Chemist: 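Have a look at this one.
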Amino acid sequence: MKNDEFLIAGIAVDNTTYGFDRLFSYKVPDHLSNVKVGQRVLVPFGRGDRFRQGMILSLSYGKEENLKEISSLLDDKPIFTQEMIDTVNFIHDRYFCTYYDSVKVMLPVGINYNISTFYTAVKVNDDVLNSLTDYEREIYDYLLSENKPVKKETILNVFSIGENSLNKLYRQGVVNREDDAFRKTKDATVKMVSLCDDVDINDYKLTPKQQKVAELLTVVDKASVKEVCYYTGYTQSVTDSLVKKKIARYFTDEVMRIPYTVSDVKKDEVVLSPSQQSAFDNLYSKYCDDKASVSLLYGVTGSGKTSVFMKLIEKCFNDNKGTILMVPEIALTPQLIKIFTSRFGDNVAVFHSGLSIGERLDEYKRVSRGDAKIVLGTRSAVFAPLKNIGLIVMDEEQESSYKSEQTPRYNARDIAKFRCYKHNALLLLSSATPSVESFYMAEKGIYNLVKLTERYGKATLPQVSVVDMNEEQMKGNFSNYSTTLKELISSNLIHKKQSIILLNRRGYNTFLSCRSCGQVVTCPNCSISMTYHSANNRMMCHYCGHSVPYTDECPDCHQHTLKFSGAGTQKAEQELVDMFPSARVLRMDADATMTKSSYETKLTAFANGEYDILIGTQMVAKGLDFPNVTLVGVINADQMLYSDDYRSYERAFSLLTQVVGRSGRGDSKGVAVIQTSTPENYVIGLSAKQDYDTFYKGEIGVRKALLYPPFSDICLIGYQGIMEGATIKCANAFQNALINKIKTNYSSMPLRVLGPSQAYVYKVNNKYRYKTIIKCRNSKDFRSVIKETLLEFSKNKEFKNIGITVDINPLSFN
DNA sequence: AGCACGCCGACT
DNA sequence: GTCGGCGTGCTC
């Protein structure tokens with residue numbers, strides 16, 4: 001540093017838009033000269049110097065003129081390590097979001113600050129007061145009587161006025177304005193007491209009660225005031241007088257909201273079968289060599305992949321390194337949580353959507369401090385603030401829940417890869433039906449492939465029959481259940497065995513159509529048919545949440561002739577109840593008014609044998625192990641096969657294989673029935689045989705021929721706007737601008753552009769949606785062209801009301 | 001996105 | 001004259 005230079009912080013500022021976002025330079029004032037990268041701060045921003053929160057991402061010396069200064073610190077210590085800041089930058093330049101969006105996605109919600117504006121009355125002379133309107137005078141008098149800063153929202157509510165009136169008062173100098181930052185969730189603290197340093201209690205003359213307390217504090221060093229009162233039976237006044245005499249002092253300690261009871265931690269060895277052991281040995285050698293690498297653990301359903309990575313996690317834990325274990329949906333894996341907490345006690349932190357915001361914050365802090373070294377959670381667990389990561393495991397790596405559908409539209413697999421690279425750690429992808437992309441990488445030798453080909457213990461694969469529903473209909477059976485499936489359910493009921501019935505969500509919702517005019521009831525805001533929900537007797541839109549009470553009056557022709565069509569889970573359940581009146585049926589689907597915890601309760605009830613039949617959508621295919629289930633029925637396999645994008649076969653294969661694999665996990669042999677009207681489709685036959693290898697060979701051929709991942713990346717650009725014409729115009733303009741840039745600057749870049757075209761659901765929330773699909777390489781050059789075009793369009797006044805989103809390798813083309 | 005500044009119409 | 005309407009441009 002030269003003499004005339006000073007410390008400058010590069011700060012990611014909250015609430016910027018992509019169009020003008022950057023790292024903003026602020027001068028570090030002298031009294032804050034020991035700030036560190038990774039600390040959050042409050043800075044004045046914009047013309048009005050209103051406060052914004054931000055995070056310091058870089059520090060350097062310079063002599064730039066006219067910089068504003070950092071106002072204050074929000075964290076007394078950095079909350080991000082340098083590696084986490086590297087991850088912030090990684091997300092920023094890969095997913096087209098602002099710097100602070102990237103910071104925010106890595107933090108638990110509870111840790112974020114809310115900036116609120118407060119107003120106070122200023123003492124002014126009568127001339128000024130008399131110039132106010134009556135209404136303004138009223139507001140002024142109100143603030144004067146409050147005699148303390150009043151939150152903006154409160155004033156607006158009390159007087160039902162707009163913000164402009166307050167701004168006017170402020171400009172007149174009648175009221176004062178200040179911004180303050182508040183945490184949504186407070187740290188939970190407890191009042192502690194301890195003796196002051198260098199105090200010998202014999203030097204003082206104390207009352208008997210004070211003596212007792214002082215003795216206690218000599219022994220225990222420190223205790224909460226509550227504890228002191230509890231053990232001595234005295235009140236707080238005794239400690240109060242000790243503090244007054246400067247013998248003891250009060251301070252606050254943070255407490256955790258989740259009380260951890262370290263109950264009988266299991267120390268017994270994980271027992272592995274010979275094939276599991278050799279898989280483990282292979283993975284362990286990868287873990288040990290100090291290079292970052294990716295391994296794919298591919299094991300058939302029921303082969304015991306969990307035990308393998310459990311042992312690996314144990315090794316990592318014993319090396320005092322951190323582990324992240326990601327699962328697709330935590331509400332469906334209570335068993336896994338139980339296994340881990342019973343083995344590792346409070347060294348496990350669970351990032352659980354069922355936790356309150358405060359609890360999540362506490363879990364985050366336990367990890368941040370190094371108190372918990374094993375993190376178990378869903379997608380966002382990949383951002384766990386571990387300081388020294390040795391291993392990241394992604395269970396069921398092909399699951400779509402690892403991809404975020406909100407900005408930043410990240411894929412947890414890519415973040416995991418990046419963090420493992422930074423920590424020289426092992427990334428372990430685990431699956432019975434790996435994504436085609438991952439298996440391809442393994443085949444090419446870029447990932448290390450480890451196979452488990454046999455089921456653990458006595459369990460064998462279920463016997464699967466495929467039933468052609470066309471034939472059933474020709475025989476006069478128009479119900480959801482084939483004769484075969486009906487008979488098997490009936491026999492299971494007699495033998496006190498459990499059954500699982502899988503319905504596909506798509507096309508299985510109950511919609512309403514008019515018998516007079518033939519119209520289907522659609523959402524007024526979206527181009528989607530409304531579905532009927534019996535739980536609240538309303539018709540609802542799944543896209544925007546719009547709902548109206550059910551009536552039989554057609555909104556179009558006003559005849560009272562609305563009628564249900566389609567077969568929802570509710571209808572399929574009804575049929576089941578009609579067929580087997582004595583059966584105890586449990587229905588589960590994502591739309592039912594179910595909370596996360598009720599999934600768990602219901603699944604546990606099913607596991608305990610309180611129900612005979614579990615019927616529902618995707619969720620029934622995953623989660624708990626039910627040893628008593630010997631029959632799995634798939635009502636209609638077709639809808640999942642023939643949806644709209646290149647991944648539908650992969651998803652259908654994975655779902656069918658998983659659900660079929662649910663049958664016969666215990667001692668009894670299982671059976672499964674797949675009902676379809678296209679029995680000749682090879683995906684159905686292969687998932688019945690659980691033949692991933694043949695499926696993969698077919699699928700990779702298709703991907704190569706049609707240039708889909710892993711042979712290309714897919715970039716989906718979405719345009720949303722209220723005015724359809726402008727939206728189309730914007731889509732065309734954007735696409736052309738992009739193509740022109742690529743042609744002039746990167747003429748050799750391989751590229752195929754499709755579109756613009758209407759999105760499948762072309763209107764959501766009154767916004768028209770169009771899209772461009774680009775097959776490309778997700779390279780630095782490609783991303784920089786996208787970024788450049790996005791910035792250009794954010795400055796374009798003509799299209800300022802059109803939203804443009806970019807999603808690289810999206811889940812679907814919607 | 002906000003927010004402030006500035007340049008024009010309708011009001012006591 | 002002046003209040004406040006919205007159009008315009010900037011954010012370290």
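Reminder, nothing fancy here: chain letters follow the sequence lines and each chain counts from 1. Note that this is a predicted model, so its numbers are computed, not measured.
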Chemist: From NZ of K68(A) over to C1' of dC10(C), roughly how many Å is that when rounded to an integer?
Modeler: 10 Å

Chemist: Is the distance from OP1 or OP2 of dG2(B) to the nearest side-chain N or O of R50(A) less than 4.0 Å?
Modeler: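 The answer is no; no side-chain N or O of R50(A) sits under 4.0 Å from OP1 or OP2.
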
Chemist: Taking the minimum atom-to-atom distance to the side chain of R47(A), which one of dA1(B), dC12(C), dG9(C) wins?
Modeler: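 The closest nucleotide is dG9(C).
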
Chemist: May I have the distance from K795(A) (atom NZ) to dA1(B) (atom C1'), rounded to whole angstrom?
Modeler: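 After rounding, the gap between these two atoms is 15 Å.
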
Chemist: Please give, in whole Å, the distance from dC12(C) C1' to L7(A) CG?
Modeler: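 It is 15 Å, rounded to the nearest whole Å.
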
Chemist: In whole angstrom, give the distance that lies between atom CG of D14(A) and atom P of dG2(B).
Modeler: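 One finds 11 Å between P of dG2(B) and CG of D14(A), rounded.
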
Chemist: Kindly determine whether K104(A) and D14(A) satisfy salt bridge (charged side-chain N to carboxylate O under 4.0 Å, His left out), including the steps that lead there.
Modeler: CA-CA 9 Å; K104(A) 234 193 296 202; D14(A) 193 12; 3.3 Å; yes

Chemist: Between K800(A) and D49(A), name the one whose nearest nucleotide on DNA chain B is closer to the 5' end.
Modeler: K800(A)

Chemist: Could you state the atom-to-atom distance from CG of N66(A) to P of dC12(C) in whole Å?
Modeler: 11 Å

Chemist: Answer yes or no: is there an ion pair linking R94(A) with D414(A), defined by an N-O contact shorter than 4.0 Å?
Modeler: no

Chemist: Round to a whole Å and report the spacing from CZ of F45(A) to C1' of dG2(B).
Modeler: 10 Å

Chemist: Once you round it to whole Å, what is the distance between C1' of dA1(B) and NZ of K797(A)?
Modeler: 17 Å

Chemist: Mind telling me whether F734(A) and Y719(A) have parallel, tilted or perpendicular rings, with 30° and 60° as the class edges?
Modeler: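 Judged by the thresholds at 30° and 60°, the geometry between Y719(A) and F734(A) is perpendicular.
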
Chemist: So if I take every side-chain heavy atom of R22(A) and compare against dA1(B), dC12(C), dG9(C), which nucleotide ends up nearest?
Modeler: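 Taking heavy atoms from C-beta onward, the closest nucleotide is dC12(C).
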
Chemist: Answer with base, sugar-phosphate or nothing: what part of the nucleic acid does Y26(A) contact at a heavy-atom distance below 4.0 Å?
Modeler: sugar-phosphate

Chemist: Please assess T117(A) against R50(A) for the test side chain to side chain donor-acceptor pair (under 3.5 Å), listing each intermediate value before the final yes or no.
Modeler: CA-CA 9 Å; T117(A) 310; R50(A) 311 295 298 267; 3.0 Å; yes

Chemist: So does K771(A) pair up with D807(A), basic N to acidic O under 4.0 Å?
Modeler: no

Chemist: Using whole Å, report how far CE of M55(A) lies from C1' of dC12(C).
Modeler: 18 Å

Chemist: If each of F20(A) and R177(A) is mapped to the nucleotide of DNA chain B with the nearest heavy atom, which maps nearer the 5' terminus, i.e. the 5' end?
Modeler: F20(A)

